[in-house]
Amino acid sequence: MDDIFYELLNYIESRPVINTHSHHKEDSFFKEFNLDTLLENSYVDWCGVPLEKTPQGRTNYLNKVKFNSYFVWLQKSLQALHNSDEPLSADNWDTFSSKIENAHKDENYHMNILRQKCRYSKILLDAYWQPGNDNGHPDTFSPVFRINMFLFGYSPYVKDHNGNNPLSIYNNNKVIQDIDEYISFMKEIIMRKKQEGCVALKSALAYDRDLNFTETTKQKAQRALSCNLDTRTNEDIKAFQDYVFFKICEIAAELDLPFQCHTGMGQLKGTNAMLMHEVIEKNPDTKFILFHCSYPWLDDVNGLLHLHRNVYPDLCWLPIISTSAAQRMLYELIEVGTSDKVCWGCDTWTSEESYGALLAVMYVLADVLGSKVKAGYFSLNDARIVADNILYNNAANLYKLSPLCRQ
Ligand SMILES: [Zn+2]
């Protein structure tokens, strides 16, 4: 690494950050929290490698996960937080684990990492276990409201992948049989959530269904509400869900709430961002934030960004899914879009992993912006502006949070 890389990294490390996406756990979760709990509640667990508590089991586990980028950044975070250069091993496992456990004996430790070490001045919280919640820390967390459940309100007996149904949460399980009435019911809840402090809507529907939302008629959407379990077809359900999704986009525009949409990954099949082309095109006043840059279909986001003014790519999760994919994407995003578009979020459940995700995006920014300076694409000062835009200014403008104080 050269001087420009370190110069940029030092600069970025001194700047405040707005983290646009987090699932940070509530305070009570961090009582009795150790290395095993951390790993089990991290993306490393998504690698599907069983974590056994014997020395041999730990060695086997580490041998399999140690080059995966989820693990690499989490390990860097632990080394930085606990002042150690040593990589994790079966030999030092218990030492690391008791350091983590002891640190969390201070009940403020997990929030202090976010506020001080990560320098987050605001974190947008997607508490899917209680949509719209701020974990009791409104100074740090601004809630977003997850809308998945509204696509399942055609019956009180179906739930979204988080186990939520709007009729059971907000209507005492009472069925609504008229589509207009259903849309007003939904709109009222969204308006209430905005009043309660939600700064955006969030769709994680890529975990429930495909993203091919097509415009449909009210009559077709009504069928899913009129039918019963035996006569309701998959087509009726799709029409209902597509209609509701389009209505959510309209409501988002009317209430000026940016709409964060998970693209790529999820159920994988049918989740690439290009499938949202129609809904993005037909709702030009809705701000669509495309999460995870549709990984692994990064090109979809660049195409949509080039064509539509209402598209906002968000790098959240990407630098820890694949650091080099995030680097590749950032080169193109700078060139294809305008400087007010790209944001970043950690997308993690714990402070340790959040800090790892921040280390990853800082590395990506210093590396990519540094090489664009060297290539003569822009100046070192421009590179600093781009970094501030991605880590702070763009989110402050998009979600109407406080602007950055220039030092
Ligand atoms: Zn997420």
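Classified by interplanar angle (parallel below 30°, tilted 30° to 60°, perpendicular above 60°), the ring pair Trp93/Tyr61 is perpendicular. Taking the six-membered ring for Trp and thresholds of 30 and 60 degrees, Tyr109 and His104 have ring planes more than 60 degrees apart, a perpendicular arrangement. Using the six-membered ring where Trp is involved, Phe213 and Phe245 have ring planes that are parallel, under 30° apart on the 30 and 60° scheme. Ring pair Trp46/Tyr207 is perpendicular by interplanar angle, where above 60° counts as perpendicular and below 30° as parallel. Using bins of under 30°, 30° to 60° and over 60° for the plane-to-plane angle, the ring pair Tyr363/Trp73 lands in the tilted bin.
For the residue pair Ser354 and Tyr120, a side-chain donor N or O sits within less than 3.5 Å of a side-chain acceptor on the partner.
The aromatic ring centres of Tyr154 and Tyr182 sit 6.0 Å or more apart.
The residue from Asn283, Ile147, Val279 that alone fulfils the side chain to side chain contact (heavy atoms under 4.5 Å, CB included) condition with Ile248 is Ile147.
Applying the side-chain hydrogen bond (donor to acceptor under 3.5 Å, both in side chains) test to Gln75 and every residue at least two apart in sequence or in another chain returns nothing.
For the pair Tyr128 and Asn148, the minimum side-chain heavy-atom distance is 4.5 Å or more.
By the 4.0 Å N-to-carboxylate-O rule, Asp180 lies close enough to Lys218 to be salt-bridged with it.
Both the sub-6.0 Å distance and the 45° axial angle are not jointly satisfied by Lys66 relative to the ring of Phe71.
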Apply the test side chain to side chain contact (heavy atoms under 4.5 Å, CB included) to residues Asn393 and Ser339: give CA-CA distance (whole Å), side-chain angles for both, the deciding distance (0.1 Å), then the verdict. CA-CA 10 Å; Asn393 295 329; Ser339 59; over 6 Å; no
